[in-house]
2 protein chains.
Amino acid sequence: MGGHTQRGQCAKRMSILDAAADVFCRQGFAGASIDEIAAVACVSRQTIYNHYREKETLFVAVVEDVMTRANAMLFSVLSSFPEKADNLEDGLTAFAVRLNKNCICNHDGKFLRKLVQTEGERYPHLFESWRQQGPGKLTTALSALLARLAHKGALVIDDFDVAARQFVALGNADLQMMTLFGETPSDEELEGAARNAVRTFLKAYGRPADVAGRPPELAAIAG
Amino acid sequence: MGGHTQRGQCAKRMSILDAAADVFCRQGFAGASIDEIAAVACVSRQTIYNHYREKETLFVAVVEDVMTRANAMLFSVLSSFPEKADNLEDGLTAFAVRLNKNCICNHDGKFLRKLVQTEGERYPHLFESWRQQGPGKLTTALSALLARLAHKGALVIDDFDVAARQFVALGNADLQMMTLFGETPSDEELEGAARNAVRTFLKAYGRPADVAGRPPELAAIAG
DNA sequence: GTAAAATTAGACGCCATTGTCTAAAACGTC
DNA sequence: GACGTTTTAGACAATGGCGTCTAATTTTAC
């Protein structure tokens, strides 16, 4: 029982997981065939059954794999939230770009959204943890981060939870149709969407002095 | 060839379409079986093949049926957009509730969102028309309606298209997780979500005098 | 009531897929 | 080079769904 043979096995496992994620995402659980996954993974079908007892075992493993990757990425992006109140618009815009690009519009985000919708009712327990650690955690963490900015006087927010959800929703406003159709936005589209979102967010929640685009008479008064 | 036998046939057709929509929505195209659809429709399998040549024909018919229903409902809801500028918050909130309840969070909306995601790549032409007449039309029409309100001086908007998308996005901010998981929000949740959305929308785009919840010093100045 | 049309239940062939099994080949370690 | 493990290719039975066909039954029109 060589403990070093694990390296080759591990590579095979990852190859299988990646291929299975691809095929499951495109075809769904019922439409995906083990043969196609094996072909994409450049692996024999028997090898798949060797690592994962049956199709459902493989599916669960794939979902859990993508979930942990997505959660790690979300944590990483959340830790880059701007803490400094100066130049808040650019800071929040860059953050929104990162959030959309690396957590929502990327492969894993697309996979999870799609699979939750198609197989969520069939495997309720499987996606329940993602619901808490994914979107749930995003709202909670973002709410706390916004609260800190508000505490510093950079934002004026009555309900932090609502504001957090609205920040995410605004960030996706211009991309919703693209994400719905599975298209990947370009960097320019990501940048523009985030800019629009943050402008509106700051018009609603920003300290009056920081707001750009406010009607001239008020801007004059506030400045 | 009695032209009156059409009535019974028509009832069967609708029964089949409803059942097929239900099963396709739950199981997807590949996972749905004609036998199950026949059972749900209380109809023989042969009857289905009598009306629709094959599974794909039935699927296309179902999608088109739901699309036309959804488009009609969207048109109806859009025609109820508040034109009067007085009490704009309540008017927009009621409109947002209608939009979410009857177009986005209902059965048809769930069906279309789910099926577009799962089968959109396999049938690009099928959903392309919906993309234009559904979400596309919503943005275009809403943009024009917001422009009229802005022209009357009730709103201050720089980019009507962006504002329209943000209105829709804000309206779904509190419901996104529910719609993602296929749950149907209660009337209270719909009402609360719409209220939060419109409050923020008006904070960003409302005429200063109409804005509630603005920081006190500014409200005093504007009043 | 009668004839035409529609519906039904069931059997059938066909094909794709799942999961198992076996023998051969490739791999890594000593 | 030898040995144990892993991988591979292919055959295999079993399952299930699609689409067709047929004969019996029901519904509808007149």
Side-chain angles (χ1 to χ4, degrees), chain A residues 1-63 115 118-119 121-123 126, chain B residues 1-63 115 118-119 121-123 126:
Chain A
M1 51 185 83
H4 291 270
T5 12
Q6 301 288 349
R7 199 167 12 249
Q9 283 189 50
C10 194
K12 294 276 178 197
R13 286 180 82 96
M14 286 195 298
S15 170
I16 292 172
L17 284 178
D18 285 351
D22 177 32
V23 177
F24 277 135
C25 188
R26 277 190 290 111
Q27 319 267 27
F29 179 80
S33 85
I34 301 286
D35 284 333
E36 187 178 354
I37 294 175
V40 173
C42 296
V43 150
S44 169
R45 177 172 67 253
Q46 182 59 29
T47 305
I48 295 181
Y49 283 107
N50 190 0
H51 286 273
Y52 307 96
R53 216 182 321 281
E54 51 189 357
K55 196 181 179 184
E56 188 172 317
T57 312
L58 172 61
F59 178 71
V60 171
V62 169
V63 171
L115 270 294
T118 56
E119 320 293 345
E121 300 173 7
R122 204 182 309 278
Y123 303 91
L126 184 56
Chain B
M1 51 184 79
H4 291 272
T5 10
Q6 300 289 351
R7 201 169 6 254
Q9 283 189 49
C10 193
K12 293 276 179 196
R13 284 181 83 98
M14 287 194 298
S15 171
I16 292 172
L17 283 179
D18 285 351
D22 177 33
V23 177
F24 277 135
C25 188
R26 275 189 290 113
Q27 319 268 27
F29 179 79
S33 86
I34 301 285
D35 285 332
E36 186 177 356
I37 294 175
V40 172
C42 296
V43 150
S44 168
R45 177 175 64 252
Q46 182 59 29
T47 304
I48 294 181
Y49 284 106
N50 192 0
H51 287 272
Y52 308 95
R53 219 182 319 280
E54 51 189 358
K55 193 181 180 183
E56 188 172 317
T57 313
L58 172 62
F59 178 71
V60 171
V62 169
V63 171
L115 270 295
T118 56
E119 321 292 345
E121 300 173 9
R122 203 183 309 277
Y123 304 91
L126 183 57

Compare side-chain N and O positions of B:N50 against OP1 and OP2 of C:dT7 and report whether any pair is under 4.0 Å apart. yes
Quick one: does A:Q27's side chain get under 4.5 Å of B:F29's, heavy atoms only? no
What about A:Y123 and A:F59, are their ring centers closer than 6.0 Å? yes
Should B:R26 and B:V23 count as side-chain neighbours, where that means a heavy-atom distance under 4.5 Å? yes
May I have the distance from B:R53 (atom CZ) to D:dC21 (atom P), rounded to whole angstrom? 14 Å
Respond yes when some side-chain nitrogen or oxygen of A:H51 is under 4.0 Å from OP1 or OP2 of D:dT6, and no when none is. no
Can A:R45 and A:E36 be said to form a salt bridge (Lys or Arg N to Asp or Glu O under 4.0 Å), step by step? CA-CA 9 Å; A:R45 177 172 67 253; A:E36 187 178 354; over 6 Å; no
Is there a side-chain contact between B:K12 and the phosphate of C:dT8, meaning an N or O under 4.0 Å from OP1 or OP2? yes
Check the distance between D:dG19's C1' and B:E56's CD and give it to me in whole angstrom. 14 Å
Any side-chain N or O of B:T47 less than 4.0 Å from the OP1 or OP2 oxygen of C:dT8? yes
So CD of A:E121 and CD of A:E119: to nearest 0.5 Å the spacing works out to 9.5 Å
Contact letters for nucleotides 9-18 of chain C, in which S counts primed atoms plus P, OP1 and OP2 and B counts the base, heavy atoms under 4.0 Å: B-B------S
Residue pair B:L58 / B:I37, side-chain heavy-atom distance below 4.5 Å: yes
